[in-house]
Visitor: 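Next up is a structure, given as structure tokens.
Start at 1 and go down the list; that is how both ligands and their atoms are numbered.
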Amino acid sequence: MKTSIIFLLLIHLCIILKSGNITVAQINEDDIDTYATPKEVKGFDENTLFSPYTKQQWRSYQQEKINQGRKTQLNFIITYPNKTAVKGAKVYIKQLTSDFHWGCGMTHRILNNLAYKKWFASKFTAADFHNELKWYYTEPNPGQENYTDADAMINFADEHGIIVRGHTVLWDDVKYQQKWVKKLSPQKLLQAANKRVDSVVKRYKGRLVGWDVMNENLHHNFFEKRLGKNASALFYNRVYNIDPNTTLYMNEFNTTENVNDKWAAPEKYLRRLKKIRAYPGNSGIKMGIGLECHYGAEPIDLHYIRNSLTLLSQVGLPIWLTELDVKIDPTLENKSQLQVMYLEEILRESFCHASVKAIVIWTGASIDGCDVMCMTNEKLENTPVGDLIDKLMEEWKTGNIEVVSDSNGVSQVSVFNGRYEVTAVNPVTNVSSSVTLKVDTVSIPDKNVHLQILG
Ligand SMILES: *[C@@H]1O[C@H](CO)[C@@H](O)[C@H](O)[C@H]1NC(C)=O
Ligand SMILES: *[C@@H]1O[C@H](CO)[C@@H](O)[C@H](O)[C@H]1NC(C)=O
Ligand SMILES: *[C@@H]1O[C@H](CO)[C@@H](O)[C@H](O)[C@H]1NC(C)=O
Ligand SMILES: *[C@@H]1O[C@H](CO)[C@@H](O)[C@H](O)[C@H]1NC(C)=O
Ligand SMILES: *[C@@H]1O[C@H](CO)[C@@H](O)[C@H](O)[C@H]1NC(C)=O
Ligand SMILES: *[C@@H]1O[C@H](CO)[C@@H](O)[C@H](O)[C@H]1NC(C)=O
Ligand SMILES: *[C@@H]1O[C@H](CO)[C@@H](O)[C@H](O)[C@H]1NC(C)=O
Ligand SMILES: *[C@@H]1O[C@H](CO)[C@@H](O)[C@H](O)[C@H]1NC(C)=O
């Protein structure tokens, strides 16, 4: 890569950081090999985390982006059939769904635990299974497939309107291959892997919101080593041909988490994505960007998170944070407070990027084992992490609100994008009229919602 390009890129990034401008200059994927941000974070310290800005400045940039990308300001205009304005009409705005999904990791332990099921369904609209869909789980021994747990978990999710990501069709890490898979000759491996793809994708075709096709394809290369460098692109093609309408994801760690990991930096990610799409037959694939977001191996760098998400957003694909957790050095004093503090900053920064369509927390209740962090204890009572998630869930929804129209029959309201039921009530007669509507940046171009009520 040319030095001049690195230089230009650095200048861009410096300008962005200094001006606090949240729009990154357009970057041509073809020109970039190294993505760099000035390193500012030196330790677990609030001052370096936000530096060179204050926490309030970060918050106000984030709020501005949320207002632009996640919320829509609407005018509800209430009239009588003769077109005169209704003054003082009560307008009830009820949010039915949100375009943004809160998700949580799920394991088979949920299946026999009614309280856990209720807890999960009351909070989350998305799920990612920890292991139950993985090849090693469904076919531990050759030819002995068992989808009992995955079937039951997907049925549970369906019953409660929870969308599920298919994690994962294949995994490129040698560590997670069954013993019998590791022993196969390349020819037999291709046969076995194709059979695996056909089996799991045909089984759940059309029922999932996305597939991780080749997990951790940037850090690992089990399949490429044995089947050639087009191996992953071929498997994406195979999944696409079976389940063409479902979004196919890459899923990787350390893309936003760690500025020092050269394997999975955002521009490497985009480059691989482009290669997969460029493979013959793959141009029609709906692709998505999966970011594991296992934070904490290094101090957290909010600038890097912002710049990475901004860069990844430029390709216009849905981004999911798929396994978000924050590991804190257990020997640190106040580690619980630090975990919550970092998690909050990561969540706030991630949420303000509208291309982030869902955030999946890894993991939920302590019943599932608190690998790194948990939202609840064994009794399903909140931990500090659980309190934080609840607080942000509340903050990032419109819920139910009630306004009153002014003398022009208008009430102006800013709501989070999603589906709504709106009811206007005549102040004198209580006659009402309702509509349901989809609110987002394109569905209501003039931002006016007209409701007519009888006199
Ligand atoms: C950010 O930069 C863009 C392009 O240079 C400019 O149009 C925009 O006004 C800037 N926004 C802010 C908030 O500075
Ligand atoms: C399949 O998996 C279920 C759930 O883990 C288990 O109860 C059952 O024994 C398994 N079936 C076979 C044939 O191994
Ligand atoms: C990979 O696929 C491309 C595009 O079809 C082809 O030109 C190339 O020869 C393939 N490489 C290998 C190693 O199979
Ligand atoms: C994909 O979606 C389109 C539009 O919703 C539909 O017409 C088509 O039948 C679907 N294809 C498959 C294979 O499900
Ligand atoms: C992420 O990258 C850093 C730096 O290379 C490394 O120390 C860390 O182990 C990586 N994370 C994982 C989960 O491998
Ligand atoms: C730990 O938290 C307490 C209370 O919030 C605070 O007074 C103290 O300074 C913190 N210690 C460290 C090392 O951050
Ligand atoms: C309209 O509803 C309000 C509140 O429910 C009630 O107090 C009032 O009597 C109702 N008016 C008519 C005309 O039904
Ligand atoms: C329109 O209809 C309302 C309700 O029936 C009535 O109060 C109002 O006087 C009408 N306005 C005109 C201009 O007819």
Visitor: Distance to 0.1 Å, residue and atom name: give those for the protein heavy atom nearest to atom 3 (C) of ligand 8.
Guide: Y80 CD1, 3.5 Å
Visitor: Just jot down the ligand 2 atoms closer than 4.0 angstrom to any heavy atom of T148, in number order.
Guide: 1 (C), 2 (O), 3 (C)
Visitor: Report the residue from Y176, Y147, W180, W171 that forms a ring-ring contact (aromatic ring centres under 6.0 Å, His included) with W135.
Guide: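 Going through Y176, Y147, W180, W171 one by one, the ring-ring contact (aromatic ring centres under 6.0 Å, His included) with W135 is satisfied by W180 alone.
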Visitor: For residues N217 and S232, is any side-chain donor paired with an opposing acceptor at under 3.5 Å?
Guide: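 Indeed, the side chains of N217 and S232 share at least one donor-acceptor pair under 3.5 Å.
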Visitor: Does atom 14 (O) of ligand 8 have any protein heavy atom closer than 4.0 Å?
Guide: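 Given the 4.0 Å limit, the answer for atom 14 (O) of ligand 8 is yes, a protein heavy atom qualifies.
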Visitor: I need the nearest protein heavy-atom contact for atom 10 (C) of ligand 3: residue, atom name and distance, please.
Guide: N230 ND2, 2.4 Å
Visitor: Do you see a protein non-hydrogen atom under 4.0 Å from atom 7 (O) of ligand 3?
Guide: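 No, there is no protein heavy atom closer to it than 4.0 Å.
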Visitor: Should you measure from each heavy atom of D149, which atoms of ligand 2 turn up under 4.0 Å away?
Guide: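 Matching atoms, with element in brackets: 4 (C), 5 (O).
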Visitor: Is the shortest N/O to N/O distance between N82 and ligand 8 below 3.5 Å?
Guide: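 Indeed, backbone or side chain, N82 has an N or O that close.
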Visitor: Relative to the ring of W362, is the ring of H294 parallel (under 30°), tilted (30 to 60°) or perpendicular (over 60°)?
Guide: perpendicular
Visitor: Give yes or no for whether the N/O distance cutoff of 3.5 Å, strictly under, is met between K229 and ligand 3.
Guide: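 No - when backbone and side-chain N and O of K229 are compared with those of ligand 3, no distance drops under 3.5 Å.
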Visitor: Within 45 degrees of the axis of the six-membered ring of F416 and under 6.0 Å from its centre: does K397 put its NZ or CZ there?
Guide: no
Visitor: So, N75 side chain and V410 main chain: donor-acceptor pair closer than 3.5 Å or not?
Guide: no
Visitor: Is it true that a side-chain atom of Q191 and a backbone atom of K188 form a donor plus acceptor pair closer than 3.5 Å?
Guide: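 No; zero donor-acceptor contacts below 3.5 Å.
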Visitor: In this structure, which one of L309, I305, T322, N251 forms a side-chain contact (heavy atoms from CB on, under 4.5 Å) with L291?
Guide: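 Single side-chain contact (heavy atoms from CB on, under 4.5 Å) partner of L291 among L309, I305, T322, N251: L309.
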Visitor: Between P280, A231, A278, flag the one that comes closest to atom 5 (O) of ligand 3 by a heavy atom.
Guide: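 The residue whose heavy atom sits nearest atom 5 (O) of ligand 3 is P280.
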Visitor: Can you name the atoms of ligand 2, numbered from 1 with element, that are less than 4.0 Å from a heavy atom of N146?
Guide: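 Going through ligand 2 atom by atom, the ones under 4.0 Å from N146 are 1 (C), 2 (O), 3 (C), 8 (C), 10 (C), 11 (N), 12 (C), 14 (O).
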